[in-house]
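Take a look at the structure below.
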2 protein chains.
Amino acid sequence: METGGVDKKRLYELLWGTPSGPRRGPRPTLTLDAIARAGIAIADADGLEGLTMQRVAESLAVTKMALYRYVPGKAELVALMLETAIGAPPPPPEGADWRGQLDDWTRQIFDRFRRHPWAQAATVAPRVPGPNELAWVERVVAALSDTGLTGDERLDVAVLLVGHARNLAQHTAAGTAPAQGREAAFAVLVSGREERFPALDAALRSIPTEAPGDQALDFGLARILDGIQALISTRATAAPPGDHPPPSRK
Amino acid sequence: METGGVDKKRLYELLWGTPSGPRRGPRPTLTLDAIARAGIAIADADGLEGLTMQRVAESLAVTKMALYRYVPGKAELVALMLETAIGAPPPPPEGADWRGQLDDWTRQIFDRFRRHPWAQAATVAPRVPGPNELAWVERVVAALSDTGLTGDERLDVAVLLVGHARNLAQHTAAGTAPAQGREAAFAVLVSGREERFPALDAALRSIPTEAPGDQALDFGLARILDGIQALISTRATAAPPGDHPPPSRK
DNA sequence: AGTACTCTGTATCCGACGGAAACAGTTTAG
DNA sequence: CTAAACTGTTTCCGTCGGATACAGAGTACT
């Protein structure tokens, strides 16, 4: 079953390889892109558990084994699907400062994760990033160019933001049909056990807001950006803008 | 194969059910706890892909099907393993304010995730929280009792912090043996494509710090706590302490 | 033009996995 | 002491990812 072991070399070629020139045998009937899209359609509908090589092949009107001419295995197919589903990052909003850019960036990538609920489950394993994934990271780092943050701090910001988006996409994907929110599910578990979870019980009682859905995303994002702003302010007063401050990491 | 569909009713009994009284047939040779620990040992060693009912049964010297007398299926076994591996939350540090408590809390749960790398992959699906998981959330909400935050804001903080810990646990689990950090992996991909990723290239060049490992955790955690502190300060000036401020959510 | 080579998709096969069903042995309730 | 309930085992099945061998299709070279 699921090998889990990914052929990193072949995966690199798969994600970063250029389309080669004219070759000898019969022309392929499929495209990497078409395969990825077929897999995405299936995973969007039934999740990663519903994604089998059989079903992908059927939806493309080929045999299961034909797919292995294009893709080394299922793990690499999922990686390719992820790269295709995430797509290229949209252009940053006009005239936005770093905060506006990062705010937009996080909502954009959150939207990608929400449209493809399987994607956030596919990003749990260590993986080889594709061109699109790297382009998204590039956007974050570029937005922070003139803030005086160090190189790895900018990368840390990217990790922080994408983690938040992914995390929230999971939580919103969880509360779909039945009980509307996590509060309802928690309340059921807490009820009858108030003495074990007093603070939780109090918190659940004092909830007046009927927020739509992206509320938790907004909350966390606002806190994170506030925290980054505080750091940038510190750096700005410590050193003139445009200059690289000394790394004051402990 | 992987059903994915979890019997929520049986899972609830599994996680929250109390040990029943004297029953009729032969006494069970196994314990739920022993099964969970056996599964944890296997998953710690070989990940969730290496976890099979067969191997768990072998390590307990029983047949595979014997496990199904205790656990409805593999998905529920993983949920039980998660609950056992996370364990009960440790007591908060003596005399710490909310910030100190949340800082310690995040590092504690990060440590759990790092000790059991499979755990963060097991928390991607919507699930029924167990007693331990709920107790961890209780700790966060309790730490924020006197901060003037609303009930769902406190829950949002819990989501934010656990998401960060899980996210960073994944990233540190990724960079284990071969190339030491994400910077090295990124640098390989960026090299030769500097014109496509100029900001990323600049960021990778300006990295002097040879940080040990928890650096990204520290960075994000500090930003998040700074952001929460900013919000609490706002609330404190708007309303006297101990009083519930009006929900100023947009 | 013809031939040899290479690439494609297919058919067949395999081991491993999660789980269902039926069974035999064991312990307690009446 | 008997009947009911519960345990662990055996046997079996469908599905999955993947290896291998093969036949046809198209191109490069002589």
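Just so it is clear, the structure is predicted and the values come from calculations on it, not from any experiment. Within every chain, numbering begins at 1; the chains are lettered A, B, ... in the order of the sequence lines, protein sequences first and strands thereafter.
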Please give, in whole Å, the distance from [N] [atom2] to [X] [atom1]?
X: E49(B); N: dC17(C); atom1: CD; atom2: P; value: 12 Å
X: E58(A); N: dT15(D); atom1: CD; atom2: P; value: 11 Å
X: Q54(A); N: dT12(C); atom1: CD; atom2: C1'; value: 14 Å
X: R69(B); N: dT7(D); atom1: CZ; atom2: P; value: 7 Å
X: M53(A); N: dC14(C); atom1: CE; atom2: P; value: 21 Å
X: L51(A); N: dG18(D); atom1: CG; atom2: P; value: 11 Å
X: R55(B); N: dG18(C); atom1: CZ; atom2: C1'; value: 16 Å
X: K74(B); N: dA16(C); atom1: NZ; atom2: C1'; value: 11 Å

Between [Y] and [X], is the closest basic N to carboxylate O distance under 4.0 Å?
X: R115(B); Y: D111(B); answer: yes
X: D201(B); Y: R193(B); answer: no
X: R107(B); Y: D218(B); answer: yes
X: E133(A); Y: R127(A); answer: yes

* End axis versus end axis in the helix from dA1(C)-dT30(D) to dG30(C)-dC1(D), the angle rounded to 10°, five pairs used at each terminus ->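 The value is 0°.
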
Would you call [X] and [Y] a side-chain contact if the rule is heavy atoms closer than 4.5 Å?
X: R112(A); Y: P89(A); result: no
X: N132(B); Y: L82(B); result: no
X: L77(B); Y: L67(B); result: no
X: F197(B); Y: F186(B); result: no
X: I40(A); Y: W118(A); result: yes
X: T31(B); Y: I35(B); result: no
X: V124(A); Y: T123(B); result: no

* To do: Describe the nucleic acid contact of L67(B) in one word from base, sugar-phosphate, nothing, applying a heavy-atom distance below 4.0 Å.
  =>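 If one applies the 4.0 Å heavy-atom cut-off, L67(B) turns out to touch nothing in the nucleic acid.
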
* Touch check for T63(A), heavy atoms < 4.0 angstrom, all strands: base, sugar-phosphate only, or nothing? ->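 Contact class for T63(A): sugar-phosphate only.
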
* Pair of N/O donor and acceptor under 3.5 Å linking dG17(D) base with K64(A) side chain -> yes

* **Residue closer to the 5' end of DNA chain D, P28(B) versus G73(A) (nearest nucleotide)** =>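 Nearest-nucleotide comparison on DNA chain D picks P28(B).
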
* State whether Y70(A) places a side-chain N or O below 4.0 Å from either non-bridging phosphate oxygen (OP1 or OP2) of dT8(C). => no

* **Residues within residues 29-43 of chain A bordering DNA chain D, heavy-atom distance below 4.0 Å** => none

* Structure fact -> Given protein heavy atoms under 4.0 Å, the one-letter contact record of nucleotides 25-30 of chain C, with B base, S sugar-phosphate only and - none, is simply BBBBS-

* Cut-off 3.5 Å, side chains only: do R166(A) and Q170(B) have a donor facing an acceptor? -> yes

